[in-house]
Each structure stands twice: as C-alpha cells, then as structure tokens.
Visitor: 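Structure provided below as structure tokens; questions to follow.
Side chains are part of it too, since the values below use all heavy atoms of this structure and drop only hydrogens, waters and symmetry mates.
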Amino acid sequence: MSTSTAAPSAKAGSEGFDLARLLLEGRAFFALVAIIIVFSILSPFYFTVNNFLIMSSHVAIFGLLAIGMLLVILTGGIDLSVGSTLGLAGVVAGFLMQGVSLPLFGVILYPPVWAVVVMTCALGALIGVLNGALIAYLKVPAFVATLGVLYVARGVALLMTNGLTYNNLGGRADLGNTGFDWLGFNRLFGVPIGVLILAAVAIVGSVLLARTAFGRWVYATGGNARAAELSGVPVKRTQILVYVLSGVCAAIAGLVLSSQLTSAGPTAGQTYELTAIAAVVVGGAALTGGRGTIRGTLLGAFVIGFLSDGLVIIGVSSYWQTVFTGAVIVLAVLLNSLQYGRRPKRSGAGAAAPSPQQGAKA
C-alpha cells in the first residue's frame, strides 16, 4: 500500500513548479526586464516612449538579420555573410537611387523605389542561393562557404563605390524616385516603419516554422539531417531555402539601414553577423540546430539592442560596451549548455526523439 502511494507522489513532485527551469527557459525575457529596470534607475531619459521607439528602430536592423540567422542555425548551419550582404544591398540600392547611366543610349534611368526594393531583395536571395549551393551540393562547410561569400560581397561593394559612400538617397520628385527615406524616418500610428517591417517578417517567419511543412523540414534537418533525409525530407532544398531567406532578410535590413542614414557605404554592416548570432544564442536557440523560436530570437535582439543603447545613454565608454556585450554572449552560451546539455534521458523502447514541434517550444 505504501509503495503504490509513493509513486504518484514522486510523479507529482517531478511535475510541480520548477522555478529554476522557468528562469532558465525565460532568461531572455527576464534579462530584458532587468535591463529596462536598471537603466531606468540610472537615467531619467531611458524609460520614455520616444526613447523606446528610437531603440526599437535600432533593434530592427539586428532583429531582421537574427531572424534569417535563426532559420540557418535551426538546420545546423551558420551564415557569416549576412553583414556583408547588408552592406552590398545598401550599396546596390544607393547605386540604383543615384541613377543608372546608359551611355550607349545617352540616358540615365532612375528606377522607382519599389523596383529598387525588389531588385535588392533579389540580390539577397541570389547570395543565399550561392551559399546554399556551396553547402548543400558541393559539401563545403558552412563556416568556410559563408566566410568566403562574406569577403566576396564586401569586395564587390568596395569595387562598386571605390570605397566611397552614396549620399542623399532621398530622391527627387521630378525624377519619380522619391520615398526611399520613408523606410527609415516615417512612422505609422507612431511606430517606426522599420519596427513594423521587423514585426511583419517575424510573423511570416513564425507561421512558416509553426504551420507549414517547411518548418517541420527545418527542425528535422537540424535535429538529424541523415535521419530526416531517410524519412523523405528534402534536406538539400531546405538548406538552400533557409540561406535564401537569410539573404533576403539581410537585404531588407540593408534597405532599412540605408534609409535611416539616407546614405549607403561599402563598410556598413561590419561585424553585424556576430550580433545576429548573439541575438539567436541569447534567445535560447541551440547552435547545434533543431531548437529555437522566432519569439526567443526577437527577445535576444532586444536584449542586446537595449543593453547597447542603455550603455550609450548613461555615458559608458564604447570599449566597455564591447566587454558587456561579450559577457552577455558567453553567459547565454553557458545557459544554453545547461538547458540542452543536461536533460535527463529516458530509458526503454518508448523513448522517442523530440518532434519538431517540441523543438520549437524549447
């Protein structure tokens, strides 16, 4: 009789409220709350609606990069070329906005802003196809392939501009190419357009991962690519698609950044790939693939963005900002190791591998 009552009791205890697990799994949210509280105490200018909107517009750039990076990391890959893709996208947009000269016909074409956006996004997708093909079909390690593309994209941007910057991208009404700065400066219902673009991309990404076969393919590829392929998952196509989406996200980030600055330089986006990876890690995704969410990644981007801007507001040296950001990244990796590396293993034939949906909830 005593034995039969002990088992349910033990089970109830194991399923009870676990504060440590709650703090571990919600660490990005709690870190963001702590950052807001601390900097609000240190500066009277931090906790204002206008400041939050300004900081959010800065976060939009990193958030867009991080969403694309998350898709790649979920498959077990990495994309080091997103920063250079952002820079090249901005340069191409600036080149088109300045006018495309056709000496043979003696004319200069000024494409409308919508055409500039479409062509720039197509460039990001093309870079993604290159990355994906190198990795999926030529079996080049993701780190090496995307590192090479990083240098190629940055070099092309430098060659196009000769190291200079395209300025005054607002356009002219008589040329029909005005409105580019609308992406960076305008607001809709009081919210910066860049933030709304980030929200739209996040919603689309969440639906793709949670409600489509593509999302299941992504998690399955990151969990075990060989097993996924044997199960009928188009692993190679999935790998190419995630790099294409990462390239498009980087191109959109390049458009938003160039619009905010109304200029485009070949050095824009340097080291941004590291910030994107940091946002994904802080948001709780596993670098080994198969686990992570858009929601967590956005929280990670806001943690890093609000921390950096908060340090600027209270007057901390830029050198110390780098130290603090690096410490946050290291701490996030350690917590990820605790979350994913020390889970109890179930014994017996009934212990099955986690489904993609379970991976998404982690």
Side-chain angles (χ1 to χ4, degrees), residues 20-35 58-83 85-86 141-143 146-147 150 198 201-202 205-206 209 218-219 221-223 242-243 245-246 249-250 253 269-311 321-343 354 358-362:
R21 181 179 178 183
L22 176 65
L23 293 175
L24 186 61
E25 294 185 351
R27 58 189 176 276
F29 172 76
F30 294 121
L32 181 60
V33 172
I35 287 170
H58 298 161
V59 172
I61 307 299
F62 301 128
L64 288 166
L65 293 177
I67 289 173
M69 184 69 72
L70 172 68
L71 297 176
V72 172
I73 287 178
L74 285 175
T75 63
I78 197 77
D79 189 355
L80 299 179
S81 66
V82 292
T85 301
L86 178 151
F143 184 92
T146 57
L147 181 64
L150 176 154
L198 172 63
V201 172
S206 298
L209 289 179
V218 169
Y219 283 109
T221 300
V242 295
Y243 281 99
L245 292 174
S246 178
C249 287
Q270 284 185 333
T271 73
Y272 279 22
E273 60 276 356
L274 302 181
T275 305
I277 295 172
V280 174
V281 172
V282 172
L287 288 174
T288 52
R291 295 183 184 274
T293 62
I294 298 288
R295 180 181 66 253
T297 296
L298 286 180
L299 284 172
F302 275 94
V303 165
I304 293 176
F306 278 25
L307 173 63
S308 299
D309 285 354
L311 292 172
Q321 293 174 33
T322 305
V323 172
F324 283 125
T325 303
V328 168
I329 295 170
V330 172
L331 179 60
V333 172
L334 291 175
L335 292 175
N336 279 8
S337 298
L338 288 175
Q339 182 178 1
Y340 299 129
R342 298 184 180 180
R343 290 188 169 183
Q358 291 173 324
K361 293 177 182 178

Visitor: Out of curiosity, Gln270 CD to Leu150 CG, how far, rounded to the nearest 0.5 Å?
Guide: 9.0 Å
Visitor: Could you tell me the separation between the CD1 atom of Ile304 and the CG atom of Leu274, rounded to the nearest 0.5 Å?
Guide: 10.5 Å
Visitor: Has the side chain of Tyr243 got a donor or acceptor atom that lies under 3.5 Å from a matching backbone atom of Gly77?
Guide: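 No, because the side chain of Tyr243 does not come within donor-acceptor range (under 3.5 Å) of the backbone of Gly77.
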Visitor: Does some side-chain heavy atom of Leu74 sit less than 4.5 Å from a side-chain heavy atom of Val242?
Guide: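 With C-beta onward as the side chain, the pair stays apart.
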Visitor: Give the intermediate values and the outcome of side chain to side chain contact (heavy atoms under 4.5 Å, CB included) for residues Asp309 and His58.
Guide: CA-CA 9 Å; Asp309 285 354; His58 298 161; 3.1 Å; yes
Visitor: Looking only at heavy atoms, which two atoms of Ile294 and Ala202 are closest? And how far apart?
Guide: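 Scanning both residues completely, I find the closest heavy atoms to be CG2-O, 3.8 Å.
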Visitor: In Å, rounded to the nearest 0.5 Å, how long is the span from CE of Met69 to CD1 of Ile277?
Guide: 4.5 Å
Visitor: Could you measure the distance from the OG1 atom of Thr293 to the CG atom of Leu298? Nearest 0.5 Å is fine.
Guide: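 If I round to the nearest 0.5 Å, the distance is 8.5 Å.
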Visitor: Going by heavy atoms in the side chains, are Val82 and Ser246 under 4.5 Å from each other?
Guide: yes
Visitor: Ile73 versus Ile78: any side-chain heavy-atom pair under 4.5 Å?
Guide: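 In contact.
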Visitor: Ignoring hydrogens and angles, tell me if any N or O in the side chain of Thr75 forms a donor-acceptor pair with the backbone of Val72 under 3.5 Å.
Guide: yes
Visitor: Work out which heavy atom in Leu198 is nearest to a heavy atom in Ala60; give both atom names and the distance.
Guide: CD2-CA, 3.8 Å
Visitor: If you look at every heavy atom in Tyr272 and Ile61, which pair is closest and at what distance?
Guide: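 It is CE2-CG2, 4.0 Å.
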Visitor: Measure the CD1-CG distance between Ile35 and Leu311 for me, rounded to the nearest 0.5 Å.
Guide: 8.5 Å
Visitor: Could you tell me which non-hydrogen atom of Ala66 sits nearest to which non-hydrogen atom of Ala279, and how far apart they are?
Guide: CB-CB, 3.8 Å
Visitor: CG/Leu299 to CZ/Phe29 distance, rounded to the nearest 0.5 angstrom?
Guide: 8.0 Å
Visitor: Over all heavy atoms of both residues, which pair between Val201 and Cys249 is shortest? Give the atoms and the distance, please.
Guide: CG1-SG, 4.1 Å
Visitor: When you compare the side chains of Thr146 and Asp79, does any donor N or O come within less than 3.5 Å of an acceptor on the partner?
Guide: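 There is no such pair between these side chains.
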Visitor: Measure across Leu307 and Phe324 and return the closest heavy-atom pair with its distance rounded to 0.1 Å.
Guide: CD2-O, 4.4 Å
Visitor: For Leu245, which of Val218, Leu71, Leu70, Ile67 qualifies under side chain to side chain contact (heavy atoms under 4.5 Å, CB included)?
Guide: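 Exactly one option meets the side chain to side chain contact (heavy atoms under 4.5 Å, CB included) with Leu245, and it is Leu71.
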